[in-house]
Structure formats: C-alpha cells, structure tokens
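As the structure is a computational prediction, the values presented were derived from the model and not from experiment.
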Amino acid sequence: QVQLVESGGRLVQAGGSLKLSCGASGRTFSYAMGWFRQAPGKEREFVAGISPNGVYQYYADSVKGRFTISRDNAMNTVYLQMNNLKPEDTAAYYCAAKPARTWEVVRGTSYDYWGQGTQVTVSS
C-alpha cells in the first residue's frame, strides 16, 4: 500500500516557476507515477506521467515544453517542475501511483493511489 503527500504549491505570478514534490511511502514494487490537476468547476485532468524507471515521460499538450516530470526512486519522490506558468494552470495538483512495468507510462485516471493535493494559484 502506498501513501502519497504533495507539497510545494503556492501563489506565483504568471511567467514564474514552481516545483511540486510528491513523497511516497510503503513501496515494495515498482510504480508508474502521474500528476493531475483540477480547477474549480472542471474535471480532473492528466498533466504528466512517468515510468517506474524514470526513463519515459508523457505530457498533456497543454503543458508540453513548460512542465517536466521526474523522479528520485532512492527518495521515493516524484517532482513536477513547472515553468512559464499561466493563469490557466491554476488548480489543485494531485500525484498518483499505480503498479506498472518498468518501462510503462500510465495515461488516464486508472491509478490506484492518490494524494490529497496541493494548490497552485497563478496570478496575472
């Protein structure tokens, strides 16, 4: 069983940068990790995913070229580096985990474990 805790969300000006962290506990097997976000009145959407070995990543079109997902398996932590932030990036950001093949990126919402979220607010 995995517990996930996000951190790093805050108020930031448009064009600025922010790095989110997600710490995971209790891992025995390899997990694909993902970041999602949900703005008020909108559905939760996929942002980025990374394979258990960290080699493969996949991004939503809305964040390609601006966001980078990475992981440090020794620290059981996944990161989301967000650059050139825009007001439309404002949302609660969630990390998620799912057992997967070492090379597999999990896309969509079929994750097994979810964090509580961290709020990112981008001012214009």
Side-chain angles (χ1 to χ4, degrees):
Q1 190 169 351
V2 173
Q3 291 79 45
L4 305 173
V5 180
E6 304 95 336
S7 63
R10 63 175 179 87
L11 174 66
V12 63
Q13 291 193 62
S17 297
L18 198 60
K19 189 172 186 177
L20 306 182
S21 298
C22 175
S25 65
R27 283 191 176 191
T28 301
F29 305 100
S30 295
Y31 291 83
M33 300 290 293
W35 284 97
F36 293 77
R37 66 187 182 187
Q38 187 168 24
K42 294 187 178 295
E43 297 291 320
R44 186 171 299 186
E45 65 175 344
F46 174 83
V47 174
I50 190 167
S51 61
N53 64 6
V55 172
Y56 302 99
Q57 309 91 40
Y58 185 80
Y59 300 92
D61 288 342
S62 59
V63 306
K64 283 181 180 177
R66 299 189 298 122
F67 291 9
T68 302
I69 187 171
S70 62
R71 66 192 299 161
D72 183 342
N73 284 342
M75 296 293 292
N76 291 323
T77 303
V78 63
Y79 304 95
L80 186 68
Q81 177 66 52
M82 304 184 293
N83 298 324
N84 191 25
L85 283 161
K86 305 176 184 298
E88 52 263 43
D89 295 319
T90 295
Y93 283 73
Y94 301 84
C95 67
K98 182 178 182 178
R101 296 175 183 268
T102 187
W103 44 262
E104 183 179 7
V105 178
V106 177
R107 307 171 189 179
T109 59
S110 61
Y111 281 82
D112 297 304
Y113 305 100
W114 296 83
Q116 293 293 311
T118 186
Q119 179 68 37
V120 173
T121 302
V122 184
S123 64
S124 59

_To the nearest 0.5 Å, what is the distance between CG on Leu20 and CD on Glu6?_
8.5 Å

*Tell me whether Leu85 is reachable from Val47 by hopping between hydrophobic residues (I, L, V, M, F, W, Y) whose side-chain heavy atoms are closer than 4.5 Å.*
yes

*About how many Å separate OG of Ser21 and CD of Gln81, when rounded to the nearest 0.5 Å?*
9.5 Å

*Under 3.5 Å: donor-acceptor pair, side chain of Arg71, backbone of Gly54*: no

*asked:* Checking the side chain of Thr90 only, and the main-chain atoms of Val122 only, is there a donor and an acceptor separated by less than 3.5 Å?
replied: yes

*Check whether any side-chain heavy atom of Lys98 lies under 4.5 Å from a side-chain heavy atom of Ser110, and answer yes or no.*
yes

*Under a 4.0 Å N-O cut-off, is there an ion pair linking Lys64 with Asp61?*
yes

*Treating Ile, Leu, Val, Met, Phe, Trp and Tyr as nodes and any side-chain heavy-atom pair under 4.5 angstrom as an edge, say whether Tyr59 and Val106 lie in one connected cluster.*
no

*asked:* I'd like to know if Tyr56 and Ile50 are part of one continuous hydrophobic network [Ile/Leu/Val/Met/Phe/Trp/Tyr, side-chain heavy atoms within less than 4.5 Å].
replied: no

*Identify whether Leu80 and Leu18 are in the same connected component of the hydrophobic contact network (ILVMFWY, side-chain heavy atoms under 4.5 Å).*
yes

*Verify the cluster assignment for Met82 and Leu11: are they in a single hydrophobic cluster under the rule of side-chain heavy atoms below 4.5 Å apart?*
no

_Parallel, tilted or perpendicular: ring planes of Trp114 versus Phe36, cut at 30 and 60 degrees_ = tilted

*asked:* Are the side chains of Thr118 and Ser7 in contact, using a 4.5 Å heavy-atom criterion?
replied: no

_Nearest-0.5 Å distance, CE of residue Met33 to OG of residue Ser51_ = 12.0 Å

*asked:* Within this structure, what is the OG-OH distance for the pair Ser70 and Tyr79, rounded to the nearest 0.5 Å?
replied: 7.0 Å

*Can you name the closest pair of heavy atoms from Pro52 and Ala100 and give their distance?*
CG-O, 3.8 Å

_What's the separation between atom CG in Asn73 and atom OH in Tyr31, rounded to the nearest 0.5 Å?_
12.5 Å

*Which atoms form the tightest heavy-atom contact between Ala24 and Val2, and what is the distance?*
CB-CG1, 4.1 Å

*asked:* I want to check something: taking the side chain as every heavy atom from C-beta on, are Arg37 and Ser62 in contact at a cut-off of under 4.5 Å?
replied: yes

_Nearest-0.5 Å distance, CG of residue Leu4 to CD of residue Gln116_ = 10.0 Å

*What about Trp35 and Phe67, are their ring centers closer than 6.0 Å?*
no

